[in-house]
Amino acid sequence: MDIFIPAVIALAGYVWLVLRANRTFHAIRKERFEHTNAAGVLQFDTYEELRKFESREASNQFWINVAAVPGGVIPLAAIFAIIASIAEMSS
């Protein structure tokens with residue numbers, strides 16, 4: 001029982017992180033499409049808009065990497081901890 005609640009929180013946090021990164025990825029992709037001109041060049045009205053876009057893109061890529069690198073380990077460990085905790089409670 002000691003590990004059950006932290007494992008559920010870790011699993012829920014991981015799922016939230018993946019869903020949030022995916023939603024932001026698609027929003028950035030849409031913005032990139034909307035700012036691409038006919039020649040295929042990314043075009044913004046001001047330099048500040050470009051910097052803001054690049055910052056969002058880099059930040060989102062960081063969080064996707066954070067989710068992907070330990071992606072197999074965190075949810076798997078949380079699921080095993082939940083199963084072990086349930087087995088311990090039922091015995």
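When a residue number appears, it is its place in the shown sequence, counting from 1. Every heavy atom of this structure was used, including side-chain atoms; hydrogens, water molecules and symmetry mates were not.
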Using a 3.5 Å distance criterion without hydrogens, assess whether the side chain of Thr36 forms a donor-acceptor pair with backbone atoms of Arg32.
yes
Restricting to non-hydrogen atoms, name the atom on Ala78 and the atom on Leu11 that form the minimum distance, rounded to 0.1 Å.
CB-CB, 3.9 Å
Roughly how far apart are Asn65 CG and Phe62 CZ, rounded to 0.5 Å?
8.5 Å
Applying salt bridge (Lys or Arg N to Asp or Glu O under 4.0 Å) as the test, list every pair that has at least one member in residues 15-31; sequence neighbours left out.
Lys30-Glu34, Glu31-Arg56
So if you build clusters from Ile, Leu, Val, Met, Phe, Trp, Tyr with side-chain heavy-atom gaps below 4.5 Å, do Leu19 and Trp63 land together?
no
Please find the pair of heavy atoms, one from Ala7 and one from Ile82, that lie closest to each other, and give the distance.
CB-CG1, 3.7 Å
Answer yes if Ile86 and Val8 sit in the same cluster of Ile, Leu, Val, Met, Phe, Trp and Tyr residues linked by side chain heavy atoms under 4.5 Å apart, and no otherwise.
yes
Derivation and outcome, side chain to side chain contact (heavy atoms under 4.5 Å, CB included), residues Arg51 and Glu54:
CA-CA 5 Å; Arg51 295 286 295 155; Glu54 288 175 340; 4.0 Å; yes
Apart from Phe44 itself, which Ile, Leu, Val, Met, Phe, Trp or Tyr residues share its cluster (side-chain heavy atoms under 4.5 Å, direct or through members)?
Ile28, Leu42, Tyr47, Leu50, Phe53
Exercise: identify the closest heavy-atom pair between Ile3 and Ser85:
CG2-CB, 4.3 Å
